[in-house]
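Take a look at the structure below.
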Amino acid sequence: RYRDMKYDGTLQGKTVLFVRIGGNGRIHAYREVKKTGVTLLCVAPQKQEWAAEVVDEWIISETYDFEVLKKSVQQYLNANPKVKIDGVMSFDEYGVIPATKLAAMLGTVAVPAPTTAVEATSCKDRFRALCEKHGIFSPGNASIHDKNEIDVVKKKGLVYPLVLKPSQGAGSMCVQLVNSEEELAAAVDSTLSSIGRSTDVDHWTQAQAVHVLCEEYISGEELDVDVLVCQNVAVFAGISDNFPCELPYFFEEGGLAPSVQPKEVQQKILDLVNSFFQMHAAEDATVKWNGALHVEVKLDPVRGPVLIEVNCRLGGAETWTMVRGAWGVDMAVGVVTIATGAPLKIDDPPTDTVMISVNFRPDHAGALVGQTVPKEVEEDPNFDRITLYYPLQTYMFVPPQRYMYFGWMVAHGKTAGEAKEHMKRLRGLIKWELDATAEAPKLD
């Protein structure tokens, strides 16, 4: 159903190095990148079987220790002197910072910005401090390194409910709403324990201790802005609406693209995004943003749009499919084009289709013993795509032990109401079965 993307040969013969490959939900984006004629190298700790069709050559290396990473890439280039890397980037949250360092080493465009700017944006407490310094509203917040420090919440006068999140985390990992000091203490303990077991934050621990950010809860609707930026100018910005999250763990439920918010509200959101680039320019005039960003905004009933987070990468899960379906813009090809320094052309995007997504998640823990997607779902004219993450017999945890989704699905309609009706019908046909009696594996 998607508009056939036509490429002008700009990327033909270019070589792009990806740092880490991400999850298999990205396969459709990588396939589209390959259609442009790009040679795709990937440096990662191990090969991923699902990515064999899109990766031309692997460089096996640790990616968190930059000295090890740098040595591995240099050894590859020494052994392959004819290879010229035209761009370095990552679709994976935990590959972005190492990619910016490699870009500096190889003299390519820093995607989406130089390392210092990305670190100041990705680490949530540093981002809050930067916004406050430059007059961009931020909710009251405090950093906590262990549960003995929760008194800082009282000292700062923060008012419950509060949102607790890993300062170095990604997506909605370990994010939760707490309503009292007792809940906060328990949540800090469990969150630090969970992220302490994760190797995904290893690229941060070389610079600072892993910690959590506690901040005042901003009510109101949540929206995303998917941005392609060149030299601090947003050349594309698509605004989409999120369905209300399931609290207290902020499970993402899906959303609509394009947004149905009034034009004046959308303009305020775009102005807020532009203020982000202005903030960084004021901090360091030499910093240029070039790449893809996934921006999270809340519509506070009193203050209006509030900047929650800026993810320095392509939006995850269904985002690529939603943006391409709603606006006809391929975010993956766009950011690869920017990474190589080639000119980016964005046609006037069509807005005659409303995309809708739903995220599937377990309501209790157990072994996955059944998942059924009937043929009639995939043959439905309003169906777009479904991605399932786990094979049968996978043990599905629920928070606070682990945050897991079965997967996601995207459909479309001519209007928001029509799209919702189609999704409701299709969603009702898909079934999962969990064995709650199965023994849970031990978490490392």
Side-chain angles (χ1 to χ4, degrees), residues 121-133 135-147 149-192 194-195 210-225 239-255 259 261 265 268-269 272-273 275-276 294-311 316 359 361 398-400 403 405:
T121 301
S122 300
C123 188
K124 298 177 180 66
D125 54 349
R126 292 177 61 187
F127 178 61
R128 287 282 176 252
L130 191 62
C131 287
E132 291 167 7
K133 177 181 176 181
I136 297 177
F137 172 78
S138 285
N141 61 86
S143 297
I144 301 175
H145 292 78
D146 63 64
K147 64 180 180 181
E149 294 182 358
I150 65 172
D151 282 348
V152 69
V153 167
K154 208 176 283 184
K155 292 175 182 176
K156 287 201 169 189
L158 302 186
V159 179
Y160 291 95
L162 300 172
V163 180
L164 187 74
K165 59 179 75 172
S167 192
Q168 302 97 333
S172 297
M173 182 183 78
C174 295
V175 180
Q176 66 183 97
L177 192 71
V178 294
N179 296 286
S180 66
E181 187 173 316
E182 292 74 21
E183 287 186 13
L184 177 60
V188 167
D189 203 28
S190 64
T191 300
L192 288 174
S194 293
I195 60 178
V210 173
H211 56 286
V212 295
L213 181 70
C214 190
E215 63 184 22
E216 292 178 330
Y217 176 61
I218 300 295
S219 62
E221 299 169 82
E222 184 169 344
L223 301 95
D224 293 331
V225 191
I239 303 175
S240 56
D241 298 327
N242 289 349
F243 297 138
C245 288
E246 181 72 23
L247 299 176
Y249 295 109
F250 293 89
F251 267 115
E252 297 169 0
E253 299 290 337
S259 170
Q261 291 290 335
V265 173
K268 288 180 180 178
I269 292 170
L272 182 62
V273 172
S275 72
F276 167 81
H294 183 70
V295 182
E296 300 173 23
V297 174
K298 290 289 285 285
L299 289 184
D300 183 86
V302 177
R303 299 183 182 91
V306 175
L307 197 56
I308 300 299
E309 290 182 17
V310 176
N311 299 282
N359 293 319
R361 58 183 176 81
V398 294
Y403 291 62
Y405 291 86

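In this chain, residues are counted from 1 in sequence order.
At a threshold of 4.5 Å between non-hydrogen side-chain atoms, the residues Leu213 and Phe127 do not count as touching.
Looking at residues two or more places apart in sequence or on another chain, you find a side chain to side chain donor-acceptor pair (under 3.5 Å) between Ser180 and Glu182. With sequence neighbours excluded, the residues that form a side chain to side chain contact (heavy atoms under 4.5 Å, CB included) with Glu253 are Phe243, Glu246, Phe251, Arg361. Scored by the salt bridge (charged side-chain N to carboxylate O under 4.0 Å, His left out) test, Lys268 finds no partners at all (sequence neighbours excluded). Taking Thr121 as the reference, His280 meet the side chain to side chain donor-acceptor pair (under 3.5 Å) condition, with sequence neighbours excluded. By the salt bridge (charged side-chain N to carboxylate O under 4.0 Å, His left out) test, Glu132 is found to be paired with no residue, residues two or more places apart in sequence or in another chain being considered. In terms of the side chain to side chain donor-acceptor pair (under 3.5 Å) criterion, residue partners of Ser143 (sequence neighbours excluded) are, by chain and number, Asp125. For Asp189, the salt bridge (charged side-chain N to carboxylate O under 4.0 Å, His left out) partners at least two apart in sequence or on another chain are Lys147. Considering only residues two or more places apart in sequence or on other chains, Asn359 meets the side chain to side chain donor-acceptor pair (under 3.5 Å) condition with none of them.
Listed for the Tyr217 side chain is no donor-acceptor partner under 3.5 Å among the backbone atoms of Asn179.
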Return a table of donor-acceptor pairs under 3.5 angstrom between the side chains of residues 298-308 and protein atoms on other chains or two or more places apart.
{"from": "Lys298", "atom 1": "NZ", "to": "Ile218", "atom 2": "O", "distance (Å)": "2.5"}
{"from": "Asp300", "atom 1": "OD2", "to": "Val302", "atom 2": "N", "distance (Å)": "2.9"}
{"from": "Asp300", "atom 1": "OD2", "to": "Arg303", "atom 2": "N", "distance (Å)": "2.7"}

Would you tabulate the side-chain donor-acceptor contacts of residues 150-162 under 3.5 Å, counting partners in other chains and residues two or more places apart, or write 'none'?
{"from": "Lys154", "atom 1": "NZ", "to": "Glu181", "atom 2": "OE1", "distance (Å)": "3.3"}
{"from": "Lys156", "atom 1": "NZ", "to": "Asn141", "atom 2": "O", "distance (Å)": "3.2"}
{"from": "Tyr160", "atom 1": "OH", "to": "Glu181", "atom 2": "N", "distance (Å)": "3.4"}

### Task
List the steps and the verdict of side chain to side chain contact (heavy atoms under 4.5 Å, CB included) for Val273 and Val310.
CA-CA 9 Å; Val273 172; Val310 176; over 6 Å; no
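Separation of atoms CZ (Phe250) and CG (Asn242) is listed at 12.5 Å; rounding is to 0.5 Å.
Applying the salt bridge (charged side-chain N to carboxylate O under 4.0 Å, His left out) test to residues at least two apart or on different chains, the pairs with a partner in residues 210-225 are Arg128-Glu215, Lys165-Glu215.
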